[in-house]
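Here's the structure, in structure tokens; my notes come after.
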There are 2 protein chains.
Amino acid sequence: MTISEENYIKVIYHLAQVSPKGVSTNAIAGTLDTKASSVTDMLKKLADKNWVSYQKYQGVSLTESGLQKAKMIVRKHRLWEVFLVEKLGFAWDEVHEIAEELEHIQSEALISKLDDFLGFPTVDPHGDPIPNAKGEMVKEERIVLSEAPLHQAYRFIGVKDSSAGFLQYLDKQQIALGATIIIQEREDFDASLSVLINDKVLSLSQKIAENLFVKQG
Amino acid sequence: MTISEENYIKVIYHLAQVSPKGVSTNAIAGTLDTKASSVTDMLKKLADKNWVSYQKYQGVSLTESGLQKAKMIVRKHRLWEVFLVEKLGFAWDEVHEIAEELEHIQSEALISKLDDFLGFPTVDPHGDPIPNAKGEMVKEERIVLSEAPLHQAYRFIGVKDSSAGFLQYLDKQQIALGATIIIQEREDFDASLSVLINDKVLSLSQKIAENLFVKQG
DNA sequence: AAATAAATTTAGGCAAATCTAAAAATAGTT
DNA sequence: AACTATTTTTAGATTTGCCTAAATTTATTT
């Protein structure tokens, strides 16, 4: 499997989370920053190799074997992110690009030993689940803060948007994974929230709140 | 710099250690397992980019900037090998192929933090020196065991041949880096050696002895 | 239901890195 | 010095992954 093929499979996997009935050519082109015609070319190749099922004009979805491949790429990406943050001391907003390269390293043994070395983590530094060697992962029950009811204690367990900009905003506000959040008030006008995070009062815009995954407790 | 360009630069660097006046097209082709015509093509590209000086039919050598690039690739390769052995628990005969992939990961920050994490090692698991961030490395005074005089205490500090086969032979004989070696006798007939390694008597063929780097003490 | 817009595919090309086969240059040998 | 063998380069093709421009299909409006 070439790096390019891996990138397509991975992107299709991620886009399929949002549109499970079929991923569009344009969506892939947008994500990979290529042209739609290039995507069409590649989809034919991927279909020939049986990693996607593809019908002209009808979008594309992963086959069982494509899905497995995708999960292994995601597994590698997230394990490397844990390594970069936990062992090398990178900040959580610095690791994505490096992991994009590392995820294409081919050795099975490497990933297995890395997993062991890291203590078999189940989530990456952004709270995303890490598939195990079989591709299984625990999807924690979680909601976005913007939809959580008032006056309940929540734990901040993941980000929806993991762009450097958003992560740096959270750093600046000292909002870290594991923080306890209680919504005190929701503004009718702009849906912004007044919250108590680790006993400090903060105001969060709707856009921020939409990108914070929380769970009860 | 593409992965292919990096591989050429690295191979030229290694071959230049043996033939410093100019590396031949065929030697490169042999090492990279490609055809001479492919090498010629690439040498033109590398010369255009000023990483090698190349004159038709006269072989090739690295420019100052090519040499610097080569050292950074070697640095990355060897640091990753240390990581694989010291942190992930790979054997010294298992790491070469994986490091061949890892050496092409592009982040400066990654290598700098990896170096730090590993405690700024100066040699890799095979005893080869690791260039620092500036490209400097300490070349330890060393000789091959086959040329060492009798009855002196030597320390085994590196292998000349780092193929898996040779390394596995050394494992089987329990000859590890750091071992103390004293030559008791050199056979006239086949130049084989009777040696004392960590107080055990062993017989080493000339071919073995030629591939063991030792230093006095 | 046409007409227009948007999305997708096809056709034809390009650059990188490789190849084979033939030509040219260098090295080795009688 | 001439001939042969070896090495190296050139010429022309191939594959992968991408592109532009044009054609086609699907979706959206009037």
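Chain letters run A, B, ... following the sequence lines, proteins first, then strands; residues in each count from 1.
Only one option out of A:R78, A:K10, A:K76 pairs with A:E103 in a side-chain hydrogen bond (donor to acceptor under 3.5 Å, both in side chains); it is A:K10.
For C:dT18, the OP1/OP2 oxygens have no side-chain nitrogen or oxygen of B:K35 closer than 4.0 Å. Residue B:S37 places no side-chain N or O under 4.0 Å from the OP1 or OP2 atom of D:dA11. Contact between the side-chain N/O atoms of A:S38 and the OP1/OP2 oxygens of D:dC19 is found at a separation under 4.0 Å. At the phosphate of C:dT10, OP1 or OP2 sits under 4.0 Å from a side-chain N or O atom of A:K44. OP1 or OP2 of C:dA6 has not a single side-chain nitrogen or oxygen of A:N26 nearer than 4.0 Å. The shortest distance between the side-chain N/O atoms of B:Y57 and the OP1/OP2 oxygens of D:dT10 is not below 4.0 Å. Phosphate proximity of D:dT26 to A:Q58: present, with a side-chain N or O under 4.0 Å from OP1 or OP2. Note on B:T25: every side-chain N or O is 4.0 Å or more away from OP1 and OP2 of D:dT7. Close to C:dA16, at under 4.0 Å from its OP1 or OP2, lies no side-chain N or O of B:K45.
Put simply, OH on B:Y54 is 11 Å from C1' on D:dT7, counting in whole angstrom units. The CG-C1' distance, from A:D33 to D:dG17, rounds to 15 Å in whole Å. Separating the CD atom of B:E5 from the P atom of C:dT18 is a distance of 10 Å, rounded to the nearest angstrom. At whole-Å resolution of the value, NZ in B:K56 and P in D:dT10 are 4 Å apart. Separating the CG atom of A:L43 from the P atom of C:dT10 is a distance of 11 Å, rounded to the nearest angstrom. Summarising the geometry, the separation between CG on B:L32 and P on C:dC19 is reported as 10 Å, rounded to the nearest angstrom. Atoms CD1 (B:I28) and C1' (D:dT8) sit 12 Å apart, rounded to a whole Å. The nearest whole Å value for the distance from the CD1 atom in A:I3 to the C1' atom in D:dT16 is 13 Å.
Side-chain atoms of A:T34 lie closest to D:dC18 of the nucleotides C:dT18, D:dT8, D:dC18.
Mapping A:M42 and B:Q55 onto DNA chain D by nearest heavy atom places B:Q55 closer to the 5' end of the strand.
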Start with the C-alpha distance between A:V159 and A:N211, add both sets of side-chain angles, then the distance that settles side chain to side chain contact (heavy atoms under 4.5 Å, CB included), and finish with yes or no. CA-CA 6 Å; A:V159 291; A:N211 284 296; 5.9 Å; no
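Using modelled atom types and a 3.5 Å distance limit, the side chains of B:S163 and B:D161 yield a donor-acceptor pair.
Between the side chain of B:S192 and the main chain of B:E187, no donor-acceptor pair closer than 3.5 Å is present.
In this structure, B:T40 reaches the bases: a heavy-atom distance under 4.0 Å links it to at least one base atom across the strands shown.
Under the 30°/60° scheme for interplanar angles, the aromatic rings of B:W80 and A:F83 are found to be tilted.
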